[in-house]
Amino acid sequence: MGGSVINTNLFSLRHTFESGQPLTFFADYNRSRNAISYQEGNSMFDIKMVGSAEKGRLVLNAGKADGVRRRFRLDDDMQGIYGRINTDPFMDRAIRRYSGMRLTVNDPWETTLVFIISQLNNLKRIRLITRNIIERFGTPIKDEDGRVVARSFPTSEDLMEATEKELRECNAGFRDKYIRSAAEYCTNNLDLYRLRGKSYHALKEELMTISGVGDKVADCIALMGYGRLEAFPIDVWVKRTLERIYFKGRKRPVKQLHRFVDERFGDMKGYAQQYIFWGGRMMA
DNA sequence: ACCCAGGCGGGCG
DNA sequence: CGCCCGCATGGG
């Protein structure tokens, strides 16, 4: 069952959960309990955070500790990462305010689906659509009495049976065809789980062969589905924030922004992006 | 009414 | 290559 405890340094369950990453679209976070629960495969996770973000502990009522360590990147050296990306007053402020916010490690297919849904969309609707799809196509998980207590995230194979009409009913909108096509393609043509060893650029190239996955979404998948910290997805928020903080509010082509962050944040770009994304939204 | 959201594919020059 | 357009849907 559970019962285990993980000691944490510079980890905030709340900021991690509220920062718009794939897990946050289907896990349930209770702010007053400072606890989350979610389904992963056949296992249920129920995790409560105690103590401060600087030094705290995670109490697992359900779920395995090693999986939690990996999912929340608890072995990352945040002190070192902050030292690397805290390059200016804006970053300093974002790091202070969201101290302990981690990148999460998510399943490649889940991440792919979520970020296909994310295009031209907002966090609230991404969450709605994701939940609808899980509810409709996820495999039911039952208790001893046969009652459905949860549903697992639908695999690509599960989603091959989804019609465009059904996906529209999940509020997917024009993304229905991308979802269908990705489900089939990732079942029959591209095994996402075999891409883990590839270089960042090779990985991106493979991901972009999926219809509905372009440069930005591929970066999101690389970062949050494969843990590639070299990835720096630039969405409208990140673009605006970079321009505001580093270019006096002048519009800059995405290509130039990529060169800028490559130089500035180096191999910790991915973490920098998460703080710029969330800090830029919340501290505008 | 209009604009926007963790963009992408396709068509055109 | 780059540019421009349409795309569903709900909220401000």
Assess, by modelled atom type and distance only, whether the side chains of Gln21(A) and Ser19(A) contain a donor and an acceptor separated by less than 3.5 Å. yes
On the ring face of Tyr38(A), is Arg71(A) found with NZ or CZ under 6.0 Å from the centre and within 45° of the axis? yes
Sequence-distant partners of [X], ring-ring contact (aromatic ring centres under 6.0 Å, His included), two or more places apart:
X         : answer
Phe232(A) : none
Phe137(A) : none
Tyr226(A) : none
Tyr29(A)  : Phe17(A)

Does this structure show an ion pair linking Arg31(A) with Glu18(A), if we count only N-O contacts that are shorter than 4.0 Å? yes
By salt bridge (charged side-chain N to carboxylate O under 4.0 Å, His left out), which residues pair with Arg168(A), not counting sequence neighbours? Asp176(A)
Rounded to whole angstrom, note down the P distance from dA8(C) over to dG11(B). 16 Å
Integer-rounded Å distance: [N] [atom2] and [X] [atom1]:
X         : N      : atom1 : atom2 : result
Leu207(A) : dG7(B) : CG    : C1'   : 15 Å
Lys216(A) : dA5(B) : NZ    : P     : 12 Å
Phe277(A) : dA5(B) : CZ    : C1'   : 10 Å
Trp278(A) : dA5(B) : CH2   : P     : 14 Å

So [X], base contact, sugar-phosphate only, or nothing? Heavy-atom distance under 4.0 Å.
X         : value
Ile117(A) : nothing
Gly20(A)  : base
Glu164(A) : nothing
Arg127(A) : nothing

Under 3.5 Å, which donor-acceptor pairs do the side chains of residues 177-184 of chain A form with other protein atoms, sequence neighbours left out?
unit_1, atom_1, unit_2, atom_2, d
Lys177(A), NZ, Phe174(A), O, 2.8
Arg180(A), NH1, Ala162(A), O, 2.4

For Ile141(A), what are the other residues in its hydrophobic cluster, where any two members join if their side-chain heavy atoms are less than 4.5 angstrom apart? Val149(A)
Side-chain donor-acceptor pairs under 3.5 Å in residues 208-217 of chain A, sequence neighbours left out?
unit_1, atom_1, unit_2, atom_2, d
Thr209(A), OG1, Tyr185(A), OH, 2.8
Thr209(A), OG1, Glu206(A), O, 2.6
Asp215(A), OD1, Lys204(A), NZ, 2.9

Run through DNA chain B and report every stem of 3 or more consecutive Watson-Crick or G-U pairs, distances under 3.5 Å, ordered by first number. B:2-5 with C:9-12, B:7-13 with C:1-7
Quick one: does Phe26(A)'s side chain get under 4.5 Å of Ile133(A)'s, heavy atoms only? no
Shorter than 3.5 Å, N or O on both sides, protein versus nucleotides 10-13 of chain B: list them out with atom names.
none

Toward the 5' end of DNA chain B, by each residue's nearest nucleotide, Met208(A) or Cys220(A): Cys220(A)
Centroid-to-centroid, Tyr82(A) to Tyr275(A), below 6.0 Å? yes
Residues touching DNA chain B, which here means a heavy atom under 4.0 Å, drawn from residues 232-239 of chain A: Pro233(A), Asp235(A), Val236(A), Trp237(A)
Contact pattern, 5' to 3', of nucleotides 6-12 of chain C - B, S or - by protein heavy atom under 4.0 Å: -BBBS--
If I take atom CZ from residue Arg57(A) and atom CD1 from residue Ile47(A), how far apart are they, to the nearest 0.5 angstrom? 15.0 Å
